[in-house]
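In what follows, chains carry the letters A, B, and so on, assigned in the order in which the sequence lines appear, proteins first and then strands, with residues in each chain numbered from 1. Quick caveat, the model's predicted, so the values are computed rather than measured. Reckoned from all heavy atoms, side chains included, excluding hydrogens, waters and symmetry mates.
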Number of protein chains: 2
Amino acid sequence: MEKNYDASKFEKPSVTVDIIIFTVKNEDLKVLLVKRNVPPFENFWALPGGFVKMTESLEEAAKRELVEETGVKDVYLEQLYTFGNPKRDPRTRVITVAYFALVSWENLKLKASTDVSDVQWFSAFDVPKLAFDHKEILEYAMKRLRWKLEYTTIGFKLLPGKFTLTQLQKVYEIIFHKNLDKRNFRKKILSLGLIESTKETTEKVSHRPAKLYSFKKKIGDIVEIL
Amino acid sequence: MEKNYDASKFEKPSVTVDIIIFTVKNEDLKVLLVKRNVPPFENFWALPGGFVKMTESLEEAAKRELVEETGVKDVYLEQLYTFGNPKRDPRTRVITVAYFALVSWENLKLKASTDVSDVQWFSAFDVPKLAFDHKEILEYAMKRLRWKLEYTTIGFKLLPGKFTLTQLQKVYEIIFHKNLDKRNFRKKILSLGLIESTKETTEKVSHRPAKLYSFKKKIGDIVEIL
DNA sequence: TGAATAGTGTCTTTCAGACAATATGCC
DNA sequence: GGCATATTGTCTGAAAGACACTATTCA
């Protein structure tokens, strides 16, 4: 901290949060974008976000935006990185704290997906030109997502509460963009001891039904690394 | 981003950077602190830091602070986390972007270490009460440091350009607070293929001299994970 | 009984960890 | 030669990866 301080003495940047909201749907990784209807970057798609209010924490701001856009609470949310290049917004100095969120499609389809043209899910592998430096932010989020998937158990967060191992494997395959061996995948996931089979199975499928699994809710989420 | 924007319409938070500067000296992990001489937290020790100027990026701000406090450039610097609790500063809303830096004692002892009472190195394992939420920030930095040391090659950054394997092992032992097996440590480090032996050895020691190693400067630092 | 997906085991290779004797330079 | 530290290899257990067949349900 500076030695002398006068809050009014310095010109201050604006601070926003932007959220990268991922979900999996139709065998694809999706990201939620909103269409801008004012300059700059009018008619460009952008990450959802907004100004941080003076009385809310950064995480509260991110959660607020998340609820506004998707109607879901209690999802996985983590701070990603803070982007502060002085030229990233052509109007004025804006520093943005990026968060990334993982939601299961099943949990949110009731609400946000029924919105119309100005809020839409895009394939994370094929997004339109984005406003500001949002492309860079998205790419950073993809890196973090892959990394987390490899070294933590975060993948569950993209699925509903009960899921089959095949569904889970699919999530991994989608995000890593490569096929995985079924036996090795199951061995590894189960050896982590973080999910348990329920007594239920999938129903009304014209083939052998699969067991449904759910997370063990253990002492504190073990997602914490780093 | 918000749909409508008027830079003057919103009250804005102040934005600072704070830096956790680590070094290793006397077989201890040290962190640089500065003593505050104005309220709030007058006479408390705090992390070095300051306001982000309107025309500089966050990283530039962090580098500027780093040079001001230590006189060193070209050190390892990475963004740590952004702390934005609305109550973290009792005066006004201050959001701080924390960076952490690793410097080798040998590279900086010329300058900053000769400063007097208000800038000092403390053992990272035994710091005084800190101003604001700086204790929390420091703890987070320690976690990140341990993590990075385990999964990347970042440890080299705490040593001078040429070093012995024993010195390097010492760094790891200090930070992990436990002893490591010499043979396994050397096997692992050398298998990474990131350092190479020079033709030099330590001199004027009253025992067998050790080979000096240096980093291979490869295509881009391989420290990038996550 | 055929279609479709679920579920399962072995072998090999690689890496981490335990463990102790020899080598070298200086005095 | 004695002291102090440097340097080096083997064995064992665990985990990751390659690989193919049997089981179950429904139509």
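Looking at residues two or more places apart in sequence or on another chain, you find a ring-ring contact (aromatic ring centres under 6.0 Å, His included) between A:Tyr172 and A:Phe185. Not counting sequence neighbours, the partners of B:Glu150 by the side chain to side chain contact (heavy atoms under 4.5 Å, CB included) test are B:Phe176. Residues that satisfy the ring-ring contact (aromatic ring centres under 6.0 Å, His included) test with A:Phe41, not counting sequence neighbours, are A:Phe44, A:Phe132. The salt bridge (charged side-chain N to carboxylate O under 4.0 Å, His left out) test applied to B:Glu136 returns no partner, not counting sequence neighbours. Scored by the salt bridge (charged side-chain N to carboxylate O under 4.0 Å, His left out) test, A:Glu200 finds A:Lys162 as partners (sequence neighbours excluded). Taking the salt bridge (charged side-chain N to carboxylate O under 4.0 Å, His left out) definition, one finds that B:Lys187 meets it with nothing, sequence neighbours left out.
Overall bending of the helix from C:dT1-D:dA27 to C:dC27-D:dG1, expressed as the angle between end axes built from five pairs apiece, is 10° (10° steps).
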Output, in order, the C-alpha distance, side-chain angles, deciding distance and verdict of side-chain contact (heavy atoms from CB on, under 4.5 Å) for B:Ile195 and B:Leu190. CA-CA 7 Å; B:Ile195 63 175; B:Leu190 291 174; 4.3 Å; yes
Atom pairs under 3.5 Å, N or O on each side, protein against nucleotides 10-15 of chain C: can you list them with distances?
from	atom 1	to	atom 2	distance (Å)
C:dT10	O4	A:Lys187	NZ	3.2

Output one line per pair: protein atom, nucleotide atom from nucleotides 24-27 of chain C, and distance, for all N/O pairs under 3.5 Å.
from	atom 1	to	atom 2	distance (Å)
C:dT24	O4'	B:Arg208	NE	3.4

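First and last contacts of DNA chain D with chain A, using any nucleotide atom under 4.0 Å from a protein heavy atom and ordered 5' to 3', fall at D:dG17 to D:dC26.
Contacts between residues 164-178 of chain B and DNA chain C, counted as heavy-atom distances below 4.0 Å, involve no residue at all.
Atom pair A:Leu190:CG and C:dG7:C1' shows a separation of 11 Å (rounding to whole Å applied). Per the geometry, CD1 belonging to B:Ile189 stands 12 Å off P belonging to C:dG17, to the nearest Å.
Residue B:Glu203 qualifies as open at atom CD: its count of foreign heavy atoms under 6.0 Å is 12 or below.
Residue-level contact check: A:Lys182 touches the bases, meaning some heavy atom is under 4.0 Å from a base atom.
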Could you pull out every donor-acceptor pair under 3.5 Å between side chains of residues 19-29 of chain B and any protein atom, sequence neighbours left out?
from	atom 1	to	atom 2	distance (Å)
B:Thr23	OG1	B:Val103	O	2.8
B:Thr23	OG1	B:Trp105	N	3.2
B:Asp28	OD1	B:Ser123	OG	3.3
B:Asp28	OD2	B:Lys30	NZ	3.3
B:Asp28	OD2	B:Ser123	OG	3.0

